[in-house]
A.B. asks: 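Provided herewith is a single structure, encoded as structure tokens, for subsequent inquiry.
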Amino acid sequence: HISGEMLHSIHEVVSDVAQMLSLGTTDLIQITGERIGKDDLYYLDSSALRGEFGWKDTISLHDGLKKVKDWYFESADQLQNSTDQYVHRE
């Protein structure tokens with residue numbers, strides 16, 4: 001996983017995706033007692049990648065999410081007709 005320089009809360013990311021899909025966040029977000037405060041922010045440190053290889057993000061998270069959304073809707077028929085199966089490997 002590679003992070004940009006901006007920090008984003010999970011709530012912010014879900015809200016951004018919901019807005020792109022014209023969905024209300026109340027339908028998507030459920031805050032439960034066992035996770036309060038644990039899902040506010042996950043920080044991925046890409047400083048080594050930036051320092052050693054000069055990598056930098058070239059688009060914002062919002063623009064990247066929009067590109068993924070647009071790609072998905074443009075490719076939905078092909079994806080739904082695909083016979084490929086996702087297999088999670090540890």
A.B. asks: To the nearest 0.5 Å, what is the distance between CG on Leu79 and CZ on Phe73?
C.D. replies: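 Rounded to the nearest 0.5 Å, the CG-CZ separation comes out at 11.0 Å.
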A.B. asks: Within this structure, what is the CG-CG distance for the pair Asp63 and Asp57, rounded to the nearest 0.5 Å?
C.D. replies: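 Here the rounded value is 11.0 Å.
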A.B. asks: How long is the gap from CD on Glu52 to OG on Ser46, to the nearest 0.5 Å?
C.D. replies: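 Atom-to-atom, Glu52:CD and Ser46:OG are 12.0 Å apart.
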A.B. asks: Please tell me whether Ile59 and Trp71 are part of a single hydrophobic cluster in this structure, the criterion being side-chain heavy atoms less than 4.5 Å apart.
C.D. replies: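 Shared cluster, no.
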A.B. asks: Hydrophobic cluster membership, with links at side-chain heavy-atom distances under 4.5 Å among I/L/V/M/F/W/Y: are Leu61 and Val68 in one?
C.D. replies: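 No: no chain of side-chain contacts under 4.5 Å links Leu61 to Val68.
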A.B. asks: Return the minimal non-hydrogen interatomic distance between Arg50 and Lys56, and the atom names on each side.
C.D. replies: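 Smallest interatomic distance, heavy atoms only, reads NH1-CA, 3.8 Å.
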A.B. asks: Keeping the roles fixed (side chain from Ser82, backbone from Gln78), state whether a donor-acceptor pair exists under 3.5 Å.
C.D. replies: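 The answer is no, because no donor-acceptor pair under 3.5 Å joins these two groups.
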A.B. asks: Do the side chains of Glu12 and Asp16 get nearer than 4.5 Å, heavy atoms only?
C.D. replies: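 The answer is no, as the side chains (C-beta and beyond) never meet within the 4.5 Å cut-off.
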A.B. asks: Is there a side-chain contact between Leu21 and Lys69 in this structure, where contact means two heavy atoms from C-beta onward sitting under 4.5 Å apart?
C.D. replies: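 Answer yes - side chains close enough.
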